[in-house]
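Worksheet: one structure, shown below.
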Amino acid sequence: METLEQIRDRLVARFPSAQVTLVTNPGAAAEHSLLLDATHAHDLALFLRDDPALRLDYCSNVTGVDWPDKEITDVTKTTVPDPAGGPPKIVESKTTRLQPGYLEAVYHLYSMALKHGPVVIRMRTANRSDAVALPSLTPVWRACDFQEREVYDLYGIIFERHPDLRRILMWDEFKDHPMRKDYVEPDDYEWEPTAHGDVLERAKANAATAENLKGGNLQPEVPQTPEAKP
Amino acid sequence: MNPSQVSGFSPQLSAPAPFGGPAGPTVRQVHDQFHGDLLEVSMGPQHPSTHGVFRMVVTLDGEQIVKLKPVFGYLHRNHEKIAENTTYLASMPYTDRLDYLCSMSTNWAYALAVEKLAGQAVPERAQYLRIIMAELTRLVNHSCLVGFLFNDLGTSFTPLLYAFREREKIIDLFESLSGSRMMCNYQRFGGCRVDPTPEWIAAASALVDNFPRFLDEYEQMLTGNEIMLARTQGIGRLDPAHAVNAGLTGPVLRASGVDYDLRKVDGYGFYPKFDFRVPLGAHGDTYDRYMMRILEMRESVKILQQAFKELPAGPIMDPKAKLRGFRPKAGEAYGRLESPKGELGFYLISDGSPNPYRYRVRPPSLINLTLLEEMCLGHTIADSVVILGSIDIVLGEVDR
Amino acid sequence: MSDAVKKPDPFPAAGNISDAEREDLRRNGILMTSFEELYNWGRTNSIWPLQFGLACCAIEMIAAATARFDIARFGAEIFRPSPRQADLMIVSGTVTNKMAPQVVRLWNQMPEPKYCIAMGACAISGGPFKQGYNVLKGIDRFIPVDIYIPGCPPRPEALLNGLIELQKKMKGEKLTGPDAARFTRADMPSEFPIPAYGAHDLEPPKNDSVWTPPKPEAKA
């Protein structure tokens with residue numbers, strides 16, 4: 001099979017207005033992927049499926065990933081001459097910027113006809129709040145049908161032109177998208193004799209109803225983190 | 001001629017009836033005569049066909065299926081969210097509970113994905129042991145599936161008792177090796193957890209050598225049975241082009257004639273060293289899917305016999321494998337293998353911390369259900385149960 | 001080694017005749033029993049479970065019904081598909097929030113006298129999946145449970161042990177008197193309200209009349 005760079009060059013040659021970027025994967029698996037833009041993703045997918053050299057007729061896996069907003073601190077060091085005549089001082093200034101987050105859909109494509117693969121393609125939404133639409137690839141590969149419904153259910157990505165986009169794992173009246181990183185579960189506190197992890201946090205929050213952290217023998221098994229002190 | 005003149009004992013039952021074609025009134029024509037309604041039946045989530053909490057909303061025209069919508073999520077146990085808060089190794093027991101009939105091969109799929117992510121090598125003896133456990137699991141799964149399929153066909157319980165007899169022998173072996181009948185938690189990143197003793201190898205080898213006799217007994221009862229042939233041949237046909245496009249894998253796909261077995265295509269583990277064939281079906285109906293399981297069990301016996309003969313001595317864990325403080329470098333990997341149900345894959349994204357950033361299970365059972373409606377349209381509601389049984393789903397995997 | 005303090009039997013047998021006297025009469029050809037004992041004996045030895053497997057524990061429940069472990073010896077091999085014909089619900093497997101209303105609905109459809117066994121860690125308290133957003137932390141939040149069988153999954157022998165304990169409990173049930181069994185009393189509910197699907201969780205998340213969270217013991 002051709003390399004990912006060759007596939008990208010052929011895609012850009014065929015669809016000049018499409019933006020196809022190579023995303024390198026730093027780990028040991030070295031499974032790099034192609035980032036497709038949302039407007040041309042459907043046509044690019046059709047090309048990948050029908051091209052005689054690629055024949056990627058089998059979409060194996062559709063995954064949603066949540067990349068929340070990230071605060072990045074940039075440290076710049078400037079040299080400031082000392083007004084008193086001594087050696088110049090190095091002053092550090094920190095600026096924080098917000099790298100906006102996005103939701104991502106990752107597709108793993110293989111070929112059953114030519115028995116090669118994988119070719120990994122990704123699509124990213126503009127942000128996590130209001131621009132969460134991506135084109136659905138179900139008209140290209142029927143295999144994406146249930147999996148895109150699951151990504152919609154758990155992440156909130158709206159797949160346009162999906163034949164039947166509704167929740168698949170949670171009930172229809174459910175409002176949240178549980179796999180997002182900022183999902184907060186409803187507070188359902190049950191007293192546990194050996195509270196640990198976030199149950200410990202909730203135990204402290206519910207300390208009025210349970211006197212569980214007073215008394216010698218109910219020691220938590222994890223060391224207390226500084227911000228958790230009541 | 002009105003219906004009351006047609007006697008039940010008349011030899012001319014296939015004569016032209018008052019309405020309809022030569023074979024008698026069709027459902028459509030009777031419907032037009034009597035202006036019936038469509039009936040919507042919700043089959044499940046609690047249902048006698050023992051596949052778990054699965055629900056099908058079926059719209060019926062008499063007994064024929066006009067529309068079928070599957071409903072999932074009744075066993076959605078948030079495995080992927082829990083895995084984001086747990087270390088890589090602590091997620092291994094949860095993978096046992098995904099496809100609870102085949103815990104050994106699910107463990108291997110997860111270990112494969114993590115080893116791909118971290119670039120971890122596996123010693124030779126461990127590779128052979130993994131193949132032995134996976135093929136024993138295939139025997140367990142396929143014989144149970146045939147038992148459950150015949151449960152759905154109406155032979156209440158008897159073939160299942162025979163299948164569970166064999167399953168009990170194999171899971172006794174698993175219990176003496178790993179400590180648990182079903183939730184074995186046997187694979188680790190870099191090898192296996194426990195080294196089997198020579199007695200275990202001898203017992204397993206004897207069991208495998210005896211297995212074809214059980215298959216012959218099973219087939220003698222079931223394969224040529226005329227009721228079974230009448231109820232499964234031509235039922236639930238699956239067209240190969242549709243099957244490929246819908247992402248079906250495993251015996252369901254191969255019953256339609258598509259030659260795609262990950263043991264041959266990917267050649268993961270030490271499978272390229274083994275000599276086995278991949279059975280393919282010709283019609284894609286329920287009978288072919290049943291025969292696929294029987295033939296695959298025979299091939300698994302061949303693989304097991306080769307594996308026991310060639311099992312090398314050596315360590316079962318890679319010496320450089322890290323058990324504690326396992327932090328793979330940032331990156332992502334997708335590892336897949338041929339589980340008894342189809343392609344089971346794990347997609348992992350690591351950000352360098354002890355917990356995975358994203359942990360995704362590619363469930364073969366869920367994706368094999370994509371074409372359930374197409375396979376069942378036009379058949380009766382009794383056939384839909386048989387078709388569902390032949391697809392082989394386990395709800396722990398469908399809903400995760 | 002004899003134990004000086006006799007632990008009280010949690011499920012004492014009904015009736016006032018001691019076993020020695022009963023055995024003596026039986027040897028002389030006289031069978032004495034009370035109506036309660038006869039009634040309970042009939043019910044105990046023909047418990048019909050509901051065919052209700054949710055997850056992995058269901059496979060061990062099916063294994064308990066196969067030839068090796070043989071639940072039929074206890075009279076319980078008829079797994080009824082319809083709740084109207086069953087008198088035991090073995091909740092085997094994780095109960096999710098999506099499935100919980102159906103479980104309660106099935107429980108309501110079962111006629112009295114009915115019993116519930118929570119088999120496996122997930123049915124008792126949510127089990128290994130307790131931190132899940134869709135997992136109900138134990139079926140005893142909505143319906144009363146008689147026997148709890150821990151394990152993940154419990155062996156078929158453990159399920160049979162639980163069944164034997166249930167049989168002991170049933171044998172000790174009185175039909176009249178102040179401590180009569182639950183199913184004889186009109187004031188004890190036999191149908192429970194079905195939770196509804198809310199926007200974030202079940203509404204209500206638990207039924208306070210059935211279960212309240214355990215209070216921690218105040219250690220001085």
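Labels below follow one simple rule: chain letters A, B, ... track the order of the sequence lines, proteins then strands, and each chain is numbered from 1. Since we're looking at a predicted model, the values are computed, not measured.
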Taking only Lys NZ, Arg NE, NH1 and NH2, and the carboxylate oxygens of Asp or Glu, determine whether [X] and [Y] approach each other closer than 4.0 Å.
{"X": "Asp146(C)", "Y": "Lys169(C)", "value": "yes"}
{"X": "Arg155(C)", "Y": "Glu175(B)", "value": "yes"}
{"X": "Glu135(B)", "Y": "Arg138(B)", "value": "yes"}

NZ of Lys174(C) to CG of Asn40(C): how many Å apart, nearest 0.5 Å?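 Answer for the NZ-CG pair, Lys174(C) versus Asn40(C), is 9.5 Å.
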Region of [X] in contact with chain C, defined by heavy-atom distances below 4.5 Å:
{"X": "Tyr100(B)", "value": "side chain"}
{"X": "Tyr162(B)", "value": "neither"}
{"X": "Leu75(B)", "value": "both"}
{"X": "Arg167(B)", "value": "side chain"}

Between [X] and chain B, which part of the residue has a heavy atom less than 4.5 Å away: side chain, backbone, both or neither?
{"X": "Ala100(C)", "answer": "neither"}
{"X": "Pro156(C)", "answer": "side chain"}
{"X": "Ala58(C)", "answer": "neither"}

Donor-acceptor pair, distance only, cut-off 3.5 Å: does the side chain of Arg400(B) make one with the backbone of His76(B)? no
Under 3.5 Å donor-acceptor, Thr94(C) side chain and Thr96(C) backbone: no
Test Glu112(C) against every option in Arg84(C), Arg182(C), Arg185(C) by the salt bridge (charged side-chain N to carboxylate O under 4.0 Å, His left out) rule and name the one that passes.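 When Arg84(C), Arg182(C), Arg185(C) are each tested with Glu112(C), the salt bridge (charged side-chain N to carboxylate O under 4.0 Å, His left out) holds only for Arg182(C).
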Heavy atoms only, distances under 4.5 angstrom: which of Pro128(C), Gly126(C), Pro83(C) has the most pairs with chain B? Name it, please. Pro128(C)
As an exercise: rank Ala67(C), Gly53(C), Ala63(C) by heavy-atom pairs under 4.5 Å with chain B and give me the winner.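 Top option by heavy-atom pairs under 4.5 Å: Ala63(C).
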Residue among Met183(B), Arg181(B), Lys81(B) with most heavy-atom pairs under 4.5 Å to chain C: Arg181(B)
